[in-house]
Amino acid sequence: MGGITLERDGAVAIIRFDRPDKLNALTLAMYDELGAAFAEVRDDDSLAVAILTGSGDRAFCVGADLTESIPALAEGQFDISEWDAAHQKHTSLFKPVIAAINGLCLGGGFEIMLSTDLRIAADTAEFGLPESGVGVVPAGGTLTRLARQIPYAWAMELMLLGDRIPAAQALRYGLLNDVVPGADLLDVALERADRLVRKSGTALATIKEAVLRLGDLPQDQAFHSEALYGQRAFTAPDAHEGLTAFTERRVPDFPSRRAISS
């Protein structure tokens with residue numbers, strides 16, 4: 001049947017939607033499996049970064065399986081919030097997640113992409129939110145995230161019209177960091193991941209947590225909380241080691257990364 005797989009490449013977890021014969025459409029079980037994979041990355045100190053991609057070269061993920069997941073929701077069989085771990089709502093995963101988008105990225109796949117931090121797409125990838133055409137809405141985080149991540153008019157165009165757009169247009173809209181040839185996609189994602197592994201784990205986690213937490217606060221309160229996050233990082237062992245290494249002109253040996261190198 002396929003599902004979600006997680007393999008390790010050193011300190012990098014490669015999580016795959018692994019149902020290529022169905023364009024990596026998500027079954028009900030796959031939502032739980034994806035949430036569990038994110039939790040594994042969160043809880044394992046030997047993992048520093050996750051790459052999320054799809055098996056095969058046709059699709060990253062085309063969203064919920066229309067023969068199972070959507071009918072179950074329409075019949076009220078369960079609460080959509082049961083999928084929150086897969087969509088990284090209320091997330092406590094503060095390690096970077098890179099999306100390597102290798103093909104069609106539609107519906108729920110698009111929504112899960114929005115929960116990632118860095119996004120690299122193959123030049124053949126296509127993006128879309130077709131939900132309005134079948135009478136439903138993109139409620140897997142997109143109604144909240146999309147207009148906060150890109151300009152309002154472009155966000156509304158994607159959600160209301162439901163048209164597919166090519167990777168170059170998604171890059172122009174601000175959904176992506178890079179578009180690369182498909183043959184280079186995973187190598188580029190791994191290169192980015194390797195660069196992140198060499199950064200301070202404390203600094204990366206603090207940056208991600210602060211950005212996720214501060215965006216909805218009034219400015220004065222946000223500035224106060226930002227200072228607290230900054231103080232936490234400045235007084236952590238990684239900061240001492242990083243500044244010492246800079247003075248000594250050597251590569252830092254960050255304490256937060258010692259579980260990786262041991």
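All values below come from the heavy atoms of this structure, side chains included, with hydrogens, waters and symmetry mates left out. Keep in mind that this is a model prediction, so the values were computed, not measured.
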Query raised in the report: Should the heavy atoms of other residues, nucleotides or ligands under 6.0 Å from CZ of R58 be counted, would the total exceed 12?
Result: no
Query raised in the report: Counting N and O atoms only, with roles assigned by atom type, does the side chain of D238 sit under 3.5 Å from a partner on the main chain of S256, one being a donor and the other an acceptor?
Result: yes
**Report entry** Pair listing, ring pair (Phe, Tyr, Trp, His ring centres under 6.0 Å) test, anchored in residues 91-115, at least two apart
**Finding:** none
Query raised in the report: For Y173, which residues count as a ring-ring contact (aromatic ring centres under 6.0 Å, His included) partner, sequence neighbours excluded?
Result: W154
Query raised in the report: If we only count heavy atoms from C-beta on, is the L175 to L158 side-chain gap below 4.5 Å?
Result: yes
Requested in this report: Among V179, D57, I120, find the residue that satisfies the side-chain contact (heavy atoms from CB on, under 4.5 Å) test when tested with L185.
Outcome: I120
Requested in this report: Determine, using the 4.5 Å side-chain heavy-atom cutoff (strictly less than), whether L161 and Y152 are members of one ILVMFWY cluster.
Outcome: no
Report task. Give a yes or no on whether the backbone of A59 and the side-chain of N102 come within a donor-acceptor separation of less than 3.5 Å. Result -> yes
Query raised in the report: Could you give all pairs that pass the ring pair (Phe, Tyr, Trp, His ring centres under 6.0 Å) test and reach residues 26-69, with sequence neighbours left out?
Result: F17-F60, Y31-W83, Y31-H87
Query raised in the report: Do I98 and L196 come within less than 4.5 Å of each other through their side chains, counting heavy atoms only?
Result: yes
**Report entry** Interatomic spacing from OG1 in T202 to CD1 in I207 - rounded to 0.5 Å
**Finding:** 11.0 Å
Report summary line: On a heavy-atom basis, the closest approach of T116 and A99 is OG1-CB, 3.5 Å
**Report entry** Steps toward side-chain contact (heavy atoms from CB on, under 4.5 Å) verdict (M30, N24)
**Finding:** CA-CA 10 Å; M30 288 170 69; N24 297 321; 5.6 Å; no
**Report entry** Derivation and outcome, side-chain contact (heavy atoms from CB on, under 4.5 Å), residues L146 and I150
**Finding:** CA-CA 6 Å; L146 188 57; I150 67 173; 3.8 Å; yes
Report task. Kindly say whether V136 contributes a backbone atom to a donor-acceptor pair with the side chain of E131 at under 3.5 angstrom? Result -> no
**Report entry** hydrophobic_cluster_shared for F234 and F254, side chain cutoff 4.5 Å
**Finding:** no
Query - Cluster companions of V62 among Ile, Leu, Val, Met, Phe, Trp, Tyr (side-chain spacing under 4.5 Å) - result: L23, L104, L106
Query raised in the report: Above 12 or not: heavy atoms from other molecules or residues under 6.0 Å from NZ of K22?
Result: no
Query - Where at least one partner belongs to residues 183-216, residue pairs that pass ring pair (Phe, Tyr, Trp, His ring centres under 6.0 Å), sequence neighbours excluded - result: none
Report task. Spell out, as yes or no, whether a donor-acceptor pair under 3.5 Å connects the side chain of R250 to the backbone of T244. Result -> no
**Report entry** Under 3.5 Å: donor-acceptor pair, side chain of R119, backbone of M113
**Finding:** yes
Query raised in the report: Quick one: are V211 and D117 in side-chain contact, heavy atoms under 4.5 Å?
Result: no
Query raised in the report: With side chains defined as the heavy atoms from C-beta onward, is the minimum distance between T5 and I14 less than 4.5 Å?
Result: no
Query raised in the report: Can a donor-acceptor pair be found between the side chains of R42 and S92 at a distance below 3.5 Å?
Result: yes
Requested in this report: Output the rest of the hydrophobic cluster of V251: all Ile, Leu, Val, Met, Phe, Trp and Tyr residues reachable through side-chain heavy-atom contacts under 4.5 Å, sorted by chain and number.
Outcome: none
Requested in this report: Would you indicate whether the side-chain heavy atoms of V97 and I15 approach each other to under 4.5 Å?
Outcome: no
Requested in this report: Look at the side chain of S115 and the backbone N and O of E111, then say whether any donor-acceptor pair between them is shorter than 3.5 Å.
Outcome: no
Query raised in the report: When you check the gap from the basic side-chain N to the acidic O, do E241 and R257 get nearer than 4.0 Å?
Result: no
Report task. Determine whether the side chains of D18 and S55 contain a donor N or O and an acceptor N or O closer than 3.5 Å. Result -> yes
Query raised in the report: Hey, does the side chain of D65 reach the backbone of L26 with a donor-acceptor pair shorter than 3.5 angstrom?
Result: no
Requested in this report: With sequence neighbours excluded, give me every side-chain hydrogen bond (donor to acceptor under 3.5 Å, both in side chains) pair touching residues 211-227.
Outcome: R148-D216
Query raised in the report: Taking 4.0 angstrom as the limit, do R8 and E40 come out as a salt bridge?
Result: yes
Query raised in the report: Do T144 side-chain atoms and G141 backbone N/O form a donor-acceptor pair below 3.5 Å?
Result: no
Report task. Could you pull out all residues at least two apart from Q231 that satisfy side-chain contact (heavy atoms from CB on, under 4.5 Å)? Result -> T235
**Report entry** Pairs satisfying salt bridge (Lys or Arg N to Asp or Glu O under 4.0 Å), at least one member in residues 194-207, at least two apart
**Finding:** D194-R198
Query raised in the report: Which residue pairs pass the side-chain hydrogen bond (donor to acceptor under 3.5 Å, both in side chains) test with at least one member in residues 177-188, sequence neighbours excluded?
Result: D178-R192
Query raised in the report: Closest heavy-atom contact between G10 and L47?
Result: O-CD2, 4.1 Å
Query - Linked, directly or transitively: I165 and L160 (ILVMFWY side chains, under 4.5 Å) - result: yes
Report summary line: Here the pair of heavy atoms bringing L176 nearest to A121 is CD1-CB, 3.7 Å
Report summary line: Apart from L214 itself, members of its ILVMFWY cluster (side-chain separation under 4.5 Å) are L217, Y229
Report summary line: Rounded to the nearest 0.5 angstrom, the CD-CG distance for E209 and L204 is 13.0 Å
Query raised in the report: Is the side chain of R19 donor-acceptor paired with the backbone N or O of A25 at a distance under 3.5 Å, no angle test?
Result: yes
Query raised in the report: Hey, is the main chain of K89 close enough, under 3.5 Å, to the side chain of D84 for a donor-acceptor pair?
Result: no
Query raised in the report: Between A239 and A233, what is the shortest heavy-atom contact and its length?
Result: CB-O, 3.3 Å
For residues 122-130, please give each side-chain donor-acceptor pair under 3.5 Å, one per line with the distance, not counting sequence neighbours.
none

